[in-house]
Amino acid sequence: MATLIGTLILAIGLPAWAGITYVGLVRARRGDGLPRPAPPRPPRSRARKAAYVAAMAYVAGGAVHLYGLSYMPFLFPEDACWFGVGIKASPDSSSALPVSLVCHGIEVVPWWVNPGLLILGTTAVVATATSVLLALRRPAGTR
């Protein structure tokens with residue numbers, strides 16, 4: 001029982017006391033007034049926005065490709081057909097790009113994986129090129 005009470009004191013009482021003490025120290029240093037608002041950030045450039053779009057497209061494309069590769073046979077090829085279609089046999093064919101696994105004439109990989117890879121890959125390449133071109137472009141009025 002003493003161990004339980006000690007654990008409760010350490011788990012609940014000590015963090016609460018530390019938080020109250022920290023807040024008191026901060027208020028003593030800063031005063032009771034509201035904190036100053038942060039200064040406004042400069043707006044993002046169009047090149048940076050394009051780079052963010054490219055980064056998101058690369059990450060999403062990688063995730064979709066990994067999802068598609070999760071259907072591929074690795075150590076035990078017959079297990080890929082067993083888990084995908086329910087047939088204990090070796091796959092007829094498999095490919096990593098375009099992502100494909102065929103078992104007894106049935107395509108196991110979902111239909112949306114390859115079009116998703118195409119769209120995300122195109123978006124990533126176009127956004128990367130746009131970001132580079134916008135970053136290298138001179139601002140208007142300077143020569």
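Below, each value reflects all heavy atoms present in this structure, side chains not excepted, and no hydrogens, waters or symmetry copies.
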Please tabulate, one pair per line, all N/O donor-acceptor pairs under 3.5 Å involving side-chain atoms of residues 77-89, not counting sequence neighbours.
unit_1: D79; atom_1: OD1; unit_2: K88; atom_2: NZ; d: 3.1

Under 3.5 Å, side-chain donor or acceptor atoms of residues 104-116 against the rest of the protein: list the pairs with distances, not counting sequence neighbours.
unit_1: E107; atom_1: OE1; unit_2: S100; atom_2: OG; d: 3.1
unit_1: E107; atom_1: OE2; unit_2: L101; atom_2: N; d: 3.1
unit_1: N114; atom_1: OD1; unit_2: V99; atom_2: N; d: 2.9
unit_1: N114; atom_1: ND2; unit_2: V99; atom_2: O; d: 2.9

CZ (F74) with more than 12 external heavy atoms under 6.0 Å: yes
Connected via hydrophobic side-chain network under 4.5 Å: M72 and L97: yes
Any pair counted as salt bridge (charged side-chain N to carboxylate O under 4.0 Å, His left out), so long as it reaches residues 53-68, sequence neighbours left out: none
Pairwise salt bridge (charged side-chain N to carboxylate O under 4.0 Å, His left out) hits with a residue in residues 111-124, at least two apart: none
For P98 against S95, the heavy-atom pair lying closest together: O-OG, 3.0 Å
Contacts of D92 that satisfy salt bridge (Lys or Arg N to Asp or Glu O under 4.0 Å) - sequence neighbours left out: none
Single hit among P91, S90, C103 for side chain to side chain contact (heavy atoms under 4.5 Å, CB included) with P73: P91
Non-neighbouring partners of R41 that pass side chain to side chain contact (heavy atoms under 4.5 Å, CB included), sequence neighbours left out: R44
If you look only at distance, which donor and acceptor atoms sit under 3.5 Å apart when one is on a side chain in residues 117-130 and the other is two or more places apart or in another chain?
unit_1: T122; atom_1: OG1; unit_2: L118; atom_2: O; d: 2.8
unit_1: T123; atom_1: OG1; unit_2: I119; atom_2: O; d: 2.8
unit_1: T128; atom_1: OG1; unit_2: Y58; atom_2: OH; d: 3.3
unit_1: T128; atom_1: OG1; unit_2: A124; atom_2: O; d: 2.7
unit_1: T130; atom_1: OG1; unit_2: V126; atom_2: O; d: 2.7

Pairs satisfying disulfide (SG to SG under 2.5 Å), at least one member in residues 38-71, at least two apart: none
Acceptor/donor pairs from residues 62-70 side chains to any protein atom, 3.5 angstrom cut, sequence neighbours excluded:
unit_1: H65; atom_1: NE2; unit_2: A96; atom_2: O; d: 3.1
unit_1: Y67; atom_1: OH; unit_2: Y71; atom_2: OH; d: 3.0
unit_1: S70; atom_1: OG; unit_2: Y67; atom_2: O; d: 2.5

